[in-house]
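Reading through the structure tokens given below for one structure.
Sequence lines set the chain letters: A, B, ... in the order given, protein chains first and strands last, and positions in each chain run from 1.
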2 protein chains.
Amino acid sequence: MYRSHLAGALRSADVDQKVTLAGWVARRRDHGGVEFIDLRDSSGTVQVVFREDAAAEAARDLRNEYCVQIVGTVSGRPEGNENKDIPTGDIEVTAHEVTVLSISQPLPVPIDDHVEVGEDVRLRHRYLDLRRSGPTKALRLRSEANLIARNLLHDRGFAEIETPTLTRSTPEGARDFLVPVRLQPGTWYALPQSPQLFKQLLMVAGFERYYQIARCYRDEDFRSDRQPEFTQLDIEASFVTQEDILELGEAIVKELWSKLADHDLPTPLPRLTYLDAMNRYGSDKPDLRFGNELVDLTEFLQGTEFRVFAGALAKGGHIGAVVMPGGASQTRKELDGWQEWAKARGAKGLAYVLFDAETGEPKGPVAKNLSAEHLDGLAAAAGAKPGDAVFFAASPDKREAQELLGAARLEIGQRCDLIDQDAWAFCWVVDFPMFEKTDEGGWTSVHHPFTSPNPEWVEKFTESPDEALTYSYDLVCNGTELGGGSIRIHDGQLQERVFETLGISEEEAREKFGFLLDAFKYGPPPHGGIAFGWDRTCALLAKSDSIRDVIAFPKAGGGSDPLTGAPTPITPAQRKEANVDYVPPKKDDAQA
Amino acid sequence: MYRSHLAGALRSADVDQKVTLAGWVARRRDHGGVEFIDLRDSSGTVQVVFREDAAAEAARDLRNEYCVQIVGTVSGRPEGNENKDIPTGDIEVTAHEVTVLSISQPLPVPIDDHVEVGEDVRLRHRYLDLRRSGPTKALRLRSEANLIARNLLHDRGFAEIETPTLTRSTPEGARDFLVPVRLQPGTWYALPQSPQLFKQLLMVAGFERYYQIARCYRDEDFRSDRQPEFTQLDIEASFVTQEDILELGEAIVKELWSKLADHDLPTPLPRLTYLDAMNRYGSDKPDLRFGNELVDLTEFLQGTEFRVFAGALAKGGHIGAVVMPGGASQTRKELDGWQEWAKARGAKGLAYVLFDAETGEPKGPVAKNLSAEHLDGLAAAAGAKPGDAVFFAASPDKREAQELLGAARLEIGQRCDLIDQDAWAFCWVVDFPMFEKTDEGGWTSVHHPFTSPNPEWVEKFTESPDEALTYSYDLVCNGTELGGGSIRIHDGQLQERVFETLGISEEEAREKFGFLLDAFKYGPPPHGGIAFGWDRTCALLAKSDSIRDVIAFPKAGGGSDPLTGAPTPITPAQRKEANVDYVPPKKDDAQA
């Protein structure tokens, strides 16, 4: 038997108990010739003192992170030596015997919650990084989150069903990771981007309530917080309306936040339509921890002669603005910085007007180009006070202008400290558009082609595809998208009309979604679902900035794992066996 | 709202309730001009009757597997019309309104529990196959099994931690599935064969108790019941002994069998050493539902002049036997059949002696070659009675002979109906050998090179590697291996001695396991674990012969999915992007 008690669980009530502990030497110190260590195990730490000669001798050979077994007796700490900062601070263990279970070389990274080292080194020695309390807690929290979500779903009659991860490539959307199939030379599996098609098949199969914490894969260029493999809490249900799914989604986050963030989430959560979110926040994942909403100045600035604004208006475009409280006091350098900031986002710049803190007079280069009438009414129209700055975006493309201002709003929120870091601001964004224009002038699905139009648009979406709205929804918290989903189309004729609008021929539809369309011939139920980005949800719960904190062994940039060294070259024998040198027979209609 | 009640949940207490139901038309029939349907949803079925004119008219258009919504009133069935075979058999629903939610074309496979169709057709239309009660139940049982195992592990302080599935190829053991990495041309991820290395790293990280229901991948030639992707309930713990892991494993199966098979499993489970299992059952996964153990005749038959036996004995080999009760009455054709059976297993044949049912006289070709003394004592030595047959296997390789007899024992068990099909016969097989001889005369690990020798062998395994035993264990039920594991080596010097015995150089060890060996420099805890073959465990619980029954979308032979058509060729553009045409720079030491 390696232990009788967990180190971190010992309390005053255990005084005089003889205990056997096992764990790691977290810290050694010498107090007036007496050796002390903090012994750490999965439950916490306890102070061990070596007052007895034999034990003290053994203790002198201990080094940090040695794995040891201690036999000792619990005693109260001498008065005045208690440590109220740790749960075991009232007691200590007087060691009688010490057994070194394994030794440790000097550490390449310090195991200290207060020392920050570079991520690459941390990931290379992740097994040491994870001995720190922060990373440990983040992964344990994730384990709890899994359990909470699973139990809730189970209690509501959902069955957990695994779907394949060696599946068929659908050459559209994001890039698939591919796996050559040795037994069928020239053919490949694809790793799934989501269980979408399979969960819909399970609805056709009559399961009615399905969920899975599913690994998904997307071969994208690496952005800071993307992983080539990621995890979704994936849910689908039959005979449900959008309201049912929203209620379920709310129940899940309410339970998670109640149990893991000690926060009572008032439900129902606020809802914003997509259009509202764009108009007010310039984002489909608005951060509602602060206000400072965008303003539409398109009407107000009609007739302006300022070239930049007039150009946008001439093309039927949009002029919007956002206020930066106190922004009039910015230095020239700060104002120039905003121009760089805008350019990095693909804009030409960021027009601004400053309102003098004393007089309220509008100032700056743009002000010189505006008529007296516009200058007079501007502060009121934009909601600016003396001392504020107003930033403008004007574009023939309304969304483009709004997105720039939405990003500026977030930046202002940070810089002006408008964001309550302790707040949890949830909302649903609903009524997403059904289609968006392609560069070729056709239509493409905003979500996916199985997303159902809402009742208002079922009949008439073909008439004005640009205005058609769907039964779809994203769950947003603090400006982060936690999940999203939709009600799916279960009517074959409606599906055909959608394909027509998308310019997808029957043949093409067959090629891409044949097996799903086949399934839908046999009494598909009305159904819909939601998927939570589980890494992101857990990161938010853990108050982490990065999803890497809630992944045991995350990839670094470029998809590399500094720990294992993956990916690696393979041997010529492996290449040969995997048939990757296989050259497919030339087909006349092969794509270039 | 699609429904107010679940169809299968309605009972006499609901009589006079107005209900809204949604589900599928399972069966239509006409009784004296009145239309009836069985309405099926995820909860079961209920009889719906169309007595009212408007509803009856709508009902006439219904076809099997139409998805419908019914508004009606529950009433008791007329006396004498109750159906005691189904839970809703006392009532029926009189329909007022019928809404067709979606129609169904005529079915390519009947949805009928009593009709068996070919597996390929079933898998191609798996979404229909899964509407049958058997397949549905099997997947729901699996969902329950997950929950039971997870809750038990959670209650014992285990954390669920996901490990990577895009990882590093280790070119040994089974073949890896490989994934080309677009962002790093010429490099590949491998899909993991198990989370083994990562779970050991989590122990080094101090998690102490880890589990995961993990997808694993193995690119093997397809045998009847293998899948390229499969699932493991993977468990690892620190500061544990073999006894701790066995107790945990027993707790898991006890809970599963109690809740899902209504069977109270007496624990502790019986244990057999590997040697015992081979000697008595000719298998390391013995089927203990019946006895009929193997007999060792090596001593008894010393000095025989029968060429086949003498040849094996001359090489220090083994002669074993197994009795077939009543086997003396087999026809010539049946006895010849056994020879074919043995040849299909790579043996030369299966020697036998038949004991006359009346006289007990030994008969058959082998009997003619045995001395009077051997013939006299044979029945007693083999444990045969008059009317029995005795089959022999003789080989210089003891294990070969035992495995042949073990297979014969199972075959006898089937043919002679010795197996209680309702029995659950669990056992642990323990004390597996540490090494086995390679064809080149060296040693290879039976389990893996991190498996710890047991205390008796820690010091002396280098002296007689062929006899050394480990802390390793397999859990067996009804002749099926459900899981297995070991206590791992956590002592760097011991690990080095194992690598030496295996003839693995320091460089080679670094190359293969470098990151694990690095981790083990920093105070690794004593640890060990177990992994359950989860597909197989669930199949056994579901009393299914095939793991495919407990997989939602299994692959057919050759790794094909008849439903999606995976795997498929990829486009030249995909090949190019995946860099699979990349030719690595030639290295002098590249393998052929």
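- Both the backbone and the side chain of B/L178 come within contact range of chain A, with heavy atoms under 4.5 Å apart.
- Proximity to chain A (any heavy atom under 4.5 Å) is shown, for B/E243, by neither the backbone nor the side chain.
- Closest non-hydrogen pair, A/L183 versus B/E220, comes out as CD1-O, 3.9 Å.
- Among B/A519, B/P108, B/A190, the residue with the largest count of heavy-atom pairs under 4.5 Å with chain A is B/A519.
- Residues A/A552 and B/I161 come closest through the heavy atom pair CB-CG2, 3.6 Å.
- No donor-acceptor distance shorter than 3.5 angstrom exists from the side chain of B/K555 to the backbone of A/P164, with no hydrogens or angles considered.
- Interface remark: B/H490 contributes backbone and side-chain atoms alike to the contact with chain A (heavy atom separation under 4.5 Å).
- A donor and an acceptor atom, one from each side chain of A/T165 and B/Y217, are located under 3.5 Å apart.
- Comparing A/Q105, A/E144, A/R40, A/R63 by how many heavy-atom pairs each has under 4.5 Å with chain B, the most go to A/Q105.
- For chain A, the option among B/R150, B/E577, B/H154, B/R3 with the highest count of heavy-atom pairs below 4.5 Å is B/R150.
- By number of non-hydrogen pairs under 4.5 angstrom with chain B, the leading residue of A/P180, A/A205, A/S43 is A/A205.
- In this structure, the ring pair (Phe, Tyr, Trp, His ring centres under 6.0 Å) partners of A/F239, at least two apart in sequence or on a different chain, are B/W24.
- No side-chain donor-acceptor contact under 3.5 Å links A/E162 to the backbone of B/I551.
- The side chain to side chain contact (heavy atoms under 4.5 Å, CB included) search around A/D518 returns A/R510, A/K521, B/Y127, not counting sequence neighbours.
- When heavy atoms are compared at a cutoff of 4.5 Å, B/Q200 does not approach chain A at all.
- A donor-acceptor pair under 3.5 Å is absent between the side-chain atoms of A/E65 and the main chain of B/G523, judged by distance alone.
- With a threshold of 4.5 angstrom between heavy atoms, B/V179 approaches chain A through its backbone and through its side chain.
- Proximity to chain A is limited to the backbone of B/P106, based on heavy atoms less than 4.5 angstrom apart.
- A/Q212 touches chain B through its side chain: at least one heavy atom from C-beta onward sits under 4.5 Å away, while N, CA, C and O do not.
- At a threshold of 4.0 Å, the pair B/R140-A/E160 does not count as salt-bridged, since none of the basic side-chain nitrogens sits closer than that to a carboxylate oxygen.
- Note that CG of B/L153 is 10.0 Å distant from OG of A/S143, once rounded to the nearest 0.5 Å.
- Heavy atoms closer than 4.5 Å to chain A are found in the side chain of B/R215, but not in its backbone.
- With hydrogens and angles ignored, the 3.5 Å screen pairs a side-chain donor or acceptor of A/R131 with a backbone N or O of B/V204.
- Distance check, rounded to the nearest 0.5 Å: NE2 of B/H125 to CG of A/L201 gives 12.0 Å.
- Remark: B/Y189 OH to A/L191 CG distance equals 11.0 Å, nearest 0.5 Å.
- Per-residue heavy-atom pair counts under 4.5 Å with chain B were compared for A/F198, A/Y66, A/F158, and the maximum is reached by A/F198.
- Between B/Q184 and A/P567, the shortest heavy-atom distance links the atoms NE2-CD, 3.9 Å.
- Distance check, rounded to the nearest 0.5 Å: CZ of B/F207 to CG of A/L139 gives 4.5 Å.
- For chain A, no part of B/V25 is nearby; none of its heavy atoms comes within less than 4.5 Å.
- Most heavy-atom pairs under 4.5 Å with chain B: of the set A/P526, A/G492, A/G23, this distinction falls to A/P526.
- Between atom OG of residue B/S238 and atom CG of residue A/L101 there is a gap of 10.5 Å, rounded to the nearest 0.5 Å.
- For B/Q69, no part lies under 4.5 angstrom from a heavy atom of chain A.
- Counting heavy-atom pairs closer than 4.5 Å to chain A, the top residue among B/L166, B/T163, B/L107, B/L147 is B/L166.
- When the candidates A/D129, A/L197, A/N151 are compared by the number of heavy-atom contacts under 4.5 Å with chain B, A/N151 comes out ahead.
- When each of B/V240, B/D491, B/I111, B/D561 is scored by its heavy-atom pairs under 4.5 Å with chain A, the top score falls to B/V240.
- Top candidate by heavy-atom pairs under 4.5 Å with chain B, chosen from A/A566, A/P554, A/S104, A/P135, is A/S104.
- Residues A/S42 and B/R209 form no side-chain contact, since every pair of their non-hydrogen atoms from C-beta on lies 4.5 Å or further apart.
- Contact record, A/R575 with B/W188: NH1-CZ2, 4.1 Å, taken as the closest heavy-atom pair.
- Across B/L6 and A/E208, no two heavy atoms sit closer than the pair CD2-OE1, 4.3 Å.
- Residues B/I103 and A/P524 come closest through the heavy atom pair O-CD, 4.2 Å.
- Note that CZ of A/F520 and OG of B/S102 are 9.0 Å apart. Values are rounded to the nearest 0.5 Å.
- Heavy-atom distances place both the backbone and the side chain of B/D41 under 4.5 Å from chain A.
- Contacts with chain A were tallied for B/V100, B/T568, B/T231; B/T568 has the most, counting heavy-atom pairs under 4.5 Å.
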